[in-house]
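Lettering follows sequence order; numbering is per chain, from 1.
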Number of protein chains: 2
Amino acid sequence: MSSIRELARRCGVSVATVSRVFNTPEVVSQQTRQHVLGMAAEIGYLPNESARTLATKKSNMVGLVWDTDHRRPGWRHPFLQDILVALKSALSAHGLHLLMLAPDPGAGPGDPRRFLRAVQRHNVDGVVIIDNGSRDPAVLALVDAEVPCVALDLLFTGPTCTYITSDNAGGGRLAATHLIERGHRHIATITGPARNWPAAQRLTGFREALTAAGLPLADDDVVAGDFYLDSGHAAMTELLARDPRPTAVFAAGDEMAVGAIKAIHEAGLRVPDDVAVIGFDDIEVAALIPPGLTTVTQDKTGFGTAAAESLMAMLAGTATPPEPTTLPTTLILRGST
Amino acid sequence: MSSIRELARRCGVSVATVSRVFNTPEVVSQQTRQHVLGMAAEIGYLPNESARTLATKKSNMVGLVWDTDHRRPGWRHPFLQDILVALKSALSAHGLHLLMLAPDPGAGPGDPRRFLRAVQRHNVDGVVIIDNGSRDPAVLALVDAEVPCVALDLLFTGPTCTYITSDNAGGGRLAATHLIERGHRHIATITGPARNWPAAQRLTGFREALTAAGLPLADDDVVAGDFYLDSGHAAMTELLARDPRPTAVFAAGDEMAVGAIKAIHEAGLRVPDDVAVIGFDDIEVAALIPPGLTTVTQDKTGFGTAAAESLMAMLAGTATPPEPTTLPTTLILRGST
DNA sequence: TAGTCTGATGTAATCGGTTACATGAAACCG
DNA sequence: CGGTTTCATGTAACCGATTACATCAGACTA
């Protein structure tokens, strides 16, 4: 591969001049510039990014910390593909590449510094963290990286850290309000694991809106699931056994909502006539299963672009990290309510 | 950030010795090694990867070329998340990081060298290509990269290139055989775009198996879709208008199969009693929509791990690239047939 | 015309590692 | 005991860029 020295030699100029042609073209004469660029194209010269990074301490790379462990469930984020595409596109527009980091092999599998170390070795300009909901110490350790960090769907602040999250409470309110407007008076909910922060927020907003409408949420009408299909099915089965049974259910995740619909159908009841169901997330299935799942949608693309923007703001050198971003949630009306 | 020189100074040894501690520990004395490692931990020394890459020409990074363009559809790969997770895990196990490359800003948006240049600048040890089905010249130009390349779901060979694909023909055969075994005699198919290679293969296998069973496929019973829901709905509507209408349909993609089921239900018919439906891909919805979609599944995880393995084989330095990998497809039985 | 300014370019140090080769001490051998 | 190995370590060139500083020619100024 031809180096800058080779190119300089061929052009009869110094390496400094060649470097200037690519970095500060305005200071080199028109004539020299043309000559160098022409010769560069001819011999296929391309600057070596490792060398540039070494010299400038800027890599144009953003590290992605995403703890994908086959064996544990929970690493899976339903929107990941949309988020990744948006993130990558937004970063690409600024000339940044996205480096999906492997945990540092120098640290053991359980070492809380395994991501921090990987980040520090690679001269990345910034870091995006995709949470798997586990609040892994190795992820939380990243606050110590002296590098701009943006976490997705994870409370994460520090001197160089901020995060992006959906307006989960608002979404919960939206769901409640919608069901109330549809005339429901007895509304139950299938929530997520107690310690899951987004789930808790959704529940809070949901309860608020019900209470405000004079429809307090009975403890009996709150059943916890784990975001997966079967738990939604089980929870709904439990709710259908109540007497009187609720006429509407808010599931804190679409997969659970689908499970709930299944349970309702199995009980010989109809959606939405006997029981209305509303979900949260707007995953692909929501649009595809009959009768179509009404749901609260999160702005997946917004996660990616907001992360890129927060990062760019920090790279631009503001002293304090940007405020956390809360993305609006909106209601998608389909047949299930 | 502390450098190797700093660490060497503190330990009273030369930089070469420190370097050896991390790269060829067996040649340095037990005592010195302990001392250096201890001091390294103390001052938080970590080798700078850019410098290492510059010196060794090995970056431990694999470039990912994935042309994500918001504006065009088609960049979306239904399995991408599974593939990415598997790919990343497999690469991580070998200490390799995955660099999602932005197109080279030095090249224009339409420049066929925009990925090639990005690859060449970054000293990546290998490249994985995720196809969007468009046979973009900029993707095809990567055969010229003097770097091991593995393409997913794309015919792609060259002196350092190979590819991974599903046994699409076999999957087509599987679908046909299954329907025949279920007793169907009049079987139609909703295929993909004529120029789409996987779709064509699926059709070929499907037709073969029908013919072998003495049930030649009439032209009328082949309708093309575009892999999206609506096209499946439209195609099925068309097929239902035939007299006699087919008793079973093979859709070359699950989304189209879901569209087909919708059309069947809308026509007041039942699945599978009036018309059986089988799909291809095994996307998430397949398991979730009633009555459950029987489908031919592709080994998503296999794509990722096979890509990593082919890459590793090339990195290990075989003169010729590994043979293309064809992943087996298998039948998943659910309620729709 | 001497002095200053400006614009284009060159010189060389530097970024943080790796590694071929040199060195020197200790161990081994006949 | 001299000579050869072996082992641990040091010296210094090198990877391919960037950039502070120096240089120098020509234009401009008083």
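Residues forming a salt bridge (Lys or Arg N to Asp or Glu O under 4.0 Å) with A/Arg9 (at least two apart in sequence, or on another chain): A/Glu6. Shown here are the side-chain hydrogen bond (donor to acceptor under 3.5 Å, both in side chains) partners of B/Thr53, two or more places apart in sequence or in another chain: there are none. For A/Arg52, the side-chain hydrogen bond (donor to acceptor under 3.5 Å, both in side chains) partners at least two apart in sequence or on another chain are A/Asn23. Legend: residues meeting salt bridge (Lys or Arg N to Asp or Glu O under 4.0 Å) with B/Asp104, ordered by chain and number and at least two apart, are B/Arg117, B/Arg121. Residues satisfying the salt bridge (Lys or Arg N to Asp or Glu O under 4.0 Å) criterion with A/Asp125, sequence neighbours excluded, are absent altogether. Taking B/Thr326 as the reference, nothing meets the side-chain hydrogen bond (donor to acceptor under 3.5 Å, both in side chains) condition, with sequence neighbours excluded.
Atom-to-atom, CZ of B/Arg5 to C1' of C/dG17 comes out at 7 Å; the value is rounded to the nearest Å. What separates CD of B/Glu6 from P of C/dC15 is a distance of 12 Å, to the nearest Å. Atom-to-atom, CZ of A/Arg9 to P of C/dG10 comes out at 15 Å; the value is rounded to the nearest Å. Going from atom CZ of A/Arg121 over to atom C1' of C/dG16 covers 13 Å, rounded to whole Å. Note: CD (B/Glu26) to C1' (D/dT9) measures 15 Å, nearest angstrom. Atoms CG (A/Leu7) and C1' (C/dT9) sit 15 Å apart, rounded to a whole Å. D/dA17 atom C1' lies 14 Å from atom CG of A/Asn123, rounded to whole Å. Across the protein-nucleic acid pair, A/Ile4 atom CD1 and D/dG16 atom C1' stand 8 Å apart, rounded to whole Å.
Looking at A/Leu101 and A/Leu64, their side chains never come closer than 4.5 Å, going by heavy atoms from C-beta outward. No side-chain heavy atom of B/Pro321 sits less than 4.5 Å from a side-chain heavy atom of B/Thr160.
Each end of the helix from C/dT1-D/dA30 to C/dG30-D/dC1 gets its own axis from five base pairs, and the two axes differ in direction by 50°, given to 10 degrees.
Using modelled atom types, one side-chain atom of A/Arg114 and one backbone atom of A/Asp111 make a donor-acceptor pair closer than 3.5 Å.
A close approach under 4.0 Å does occur between a side-chain nitrogen or oxygen of A/Lys57 and OP1 or OP2 of C/dG16.
There is no side-chain donor-acceptor pair under 3.5 Å between A/Thr301 and A/Asp82.
Of the residues in residues 15-25 of chain A, those with a non-hydrogen atom less than 4.0 angstrom from any atom of DNA chain D are A/Ala16, A/Ser19, A/Arg20, A/Asn23. Taken residue by residue, residues 97-106 of chain B places no heavy atom nearer than 4.0 Å to DNA chain D. Annotation: proximity of residues 28-42 of chain B to DNA chain C (heavy atom, distance under 4.0 Å) is found for no residue.
Nearest-nucleotide positions on DNA chain D for B/Ser14 and B/Leu54 put B/Ser14 closer to the 5' end. Summary of the strand contacts: B/Val27 and B/Ala51 both lie near DNA chain D, and taking for each the nucleotide with the nearest heavy atom, the more 5' one is attributed to B/Val27.
Legend: ring pair (Phe, Tyr, Trp, His ring centres under 6.0 Å) pairs involving residues 124-163 of chain A, not counting sequence neighbours: none detected. Counting only residues at least two apart or on different chains, no salt bridge (Lys or Arg N to Asp or Glu O under 4.0 Å) pair has a member in residues 154-164 of chain B.
Below 30°, between 30° and 60°, or above 60°: for A/His97 and B/His122 the angle between ring planes is above 60°, a perpendicular geometry.
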Start with the C-alpha gap between B/Ser89 and B/Ser92, add the side-chain angles, then the distance that decides, and say whether side-chain hydrogen bond (donor to acceptor under 3.5 Å, both in side chains) holds.
CA-CA 5 Å; B/Ser89 295; B/Ser92 290; over 6 Å; no
